[in-house]
Amino acid sequence: MRHNKAFNHLGRKTGHRKAMLANMASSLLLHKRIETTLAKAKALRVYVEPLITKSKVDSTHSRRIVFSYLKQKEAVTELFRVIAPKIADRQGGYLRILKTGFRVGDGADMALVELVDFNEAALASAPKKEEAKKPATRRSRAKKAAPKAAAPEKAEEPKAEVEAKEETKAE
C-alpha cells in the first residue's frame with residue numbers, strides 16, 4: 001500500500017526516475033527552456049527548485065549536494081555562475097510551466113518548462129519596477145522654473161566675490 005506517499009513515480013523504477021529527472025534538470029539549466037509532458041514537468045519542478053535555492057549560497061558543500069543530484073559538471077557551473085546571481089532576490093517560484101496542448105502520437109498533455117528570469121519576451125512586456133513607483137502628480141510649470149532660475153544666480157555671485165578677492169591679492 002502507498003499511504004501518504006504523494007509524489008508521482010512516473011511509471012518508472014527509482015533508478016530510472018532519478019536518472020531521468022537528473023538529465024531533464026541538467027537540460028533545463030543549460031538551455032533555460034525544455035518541452036516535456038505535463039506530469040514530468042510537475043515532477044521536475046519539485047526536483048529542481050530546491051537545487052536552485054541551494055545555489056544561492058555558493059559554498060563547496062552546496063556545490064557537492066547539487067552535483068549529487070545533477071551529475072553534470074557543466075550544469076552545476078551554469079547554475080552557480082549564471083542562474084544563481086540572477087535569481088538571488090527571488091523567494092521561490094523559479095520555474096514556469098506552460099501547457100502547450102497534446103502530443104500527436106499518444107495525446108499526452110505537453111508542457112513548456114522554463115526558468116522565470118530568463119524569458120526575454122515576458123521580461124520585456126512586464127512593467128519595470130522604477131516606472132511603477134513614479135507618482136502621478138500635477139505641478140505648475142512656474143513653480144519649477146523659478147527655483148532653477150534662482151539657483152544659477154546664487155552660484156554666480158560667489159564666483160564674482162572670489163574673482164574680486166583674487167584681484168585685491170594680486171595688487
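- Relative to the ring axis of Phe67, Lys73 does not place its NZ or CZ within 45° and under 6.0 Å from the centre.
- Applying the salt bridge (charged side-chain N to carboxylate O under 4.0 Å, His left out) rule to Asp58 yields the partners Arg63; only residues at least two apart in sequence or on another chain are considered.
- Residues satisfying the salt bridge (charged side-chain N to carboxylate O under 4.0 Å, His left out) criterion with Arg90, sequence neighbours excluded, are Asp117.
- In this structure, the side chains of Lys40 and Tyr47 stay at 4.5 Å or more apart for every pair of heavy atoms.
- By the 4.5 Å heavy-atom criterion applied to side chains, Lys32 and Glu78 are counted as neighbours.
- Checked by atom type and distance alone, the side chain of Ser62 pairs as donor or acceptor with a backbone atom of Ser59 at under 3.5 Å.
- Residues Asn8 and Ala39 come closest through the heavy atom pair ND2-CB, 3.9 Å.
- Summarising the local packing, CZ of Arg81 is surrounded by 12 or fewer heavy atoms from other residues, nucleotides or ligands at distances under 6.0 Å.
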Inset, instruction - Give the intermediate values and the outcome of side-chain contact (heavy atoms from CB on, under 4.5 Å) for residues Asn23 and Lys71. - result: CA-CA 8 Å; Asn23 286 331; Lys71 314 218 178 357; over 6 Å; no
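- Val113 and Ala41 get closest at one heavy-atom pair: CG2-CB, 3.3 Å.
- Taking 4.5 Å as the limit, every side-chain heavy atom of Leu21 sits out of range of all side-chain heavy atoms of Tyr69.
- Residues Val66 and Leu79 approach most closely at CG1-CD2, 3.7 Å, considering heavy atoms.
- The heavy-atom pair separating Leu44 from Ala25 by the smallest distance is CD1-N, 3.7 Å.
- Listed by chain and number, the residues in a ring pair (Phe, Tyr, Trp, His ring centres under 6.0 Å) with His16 amount to none (sequence neighbours excluded).
- Side-chain heavy atoms closer than 4.5 Å link hydrophobic residues (I, L, V, M, F, W, Y) into clusters, and following such links, possibly through other members, connects Leu70 to Ile65.
- Using a distance-only test at 3.5 Å, with no hydrogens or angles considered, no donor-acceptor pair links the side chain of Arg17 to the main chain of Gly15.
- Atom-to-atom distance recorded for Ile52:CD1 and Arg45:CZ is 11.0 Å, nearest 0.5 angstrom.
- Not a single side chain to side chain donor-acceptor pair (under 3.5 Å) links Lys54 to another residue, sequence neighbours left out.
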Cut-off 3.5 Å, no hydrogens considered: what does the side-chain donor-acceptor table look like for residues 91-110, sequence neighbours left out?
| residue | atom | partner | partner atom | Å |
| --- | --- | --- | --- | --- |
| Tyr94 | OH | Thr53 | OG1 | 3.2 |
| Tyr94 | OH | Lys56 | NZ | 3.2 |
| Arg96 | NH1 | Glu114 | OE2 | 2.8 |
| Thr100 | OG1 | Met110 | O | 3.3 |
| Arg103 | NE | Asp106 | OD1 | 3.0 |
| Arg103 | NH2 | Asp106 | OD2 | 3.1 |
| Asp106 | OD1 | Ala108 | N | 3.2 |

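- Residues Glu74 and Leu29 are not in side-chain contact: their nearest non-hydrogen atoms beyond the backbone lie 4.5 Å or more apart.
- Side-chain contact between Thr36 and Met24: present, with at least one pair of heavy atoms (C-beta onward) separated by less than 4.5 Å.
- Linking Ile, Leu, Val, Met, Phe, Trp and Tyr residues whenever their side-chain heavy atoms come within less than 4.5 Å places Leu28 and Val82 in a single cluster.
- Partners of Phe80 by ring pair (Phe, Tyr, Trp, His ring centres under 6.0 Å), not counting sequence neighbours: none found.
- No more than 12 heavy atoms of other residues, nucleotides or ligands sit less than 6.0 Å from atom NZ of Lys42.
- Using a 4.5 Å cut-off on side-chain heavy atoms (C-beta onward), Lys5 and Phe7 make no contact.
- The cluster map of Ile, Leu, Val, Met, Phe, Trp and Tyr, joined by side-chain heavy atoms under 4.5 Å apart, puts Val48 and Leu10 in the same cluster.
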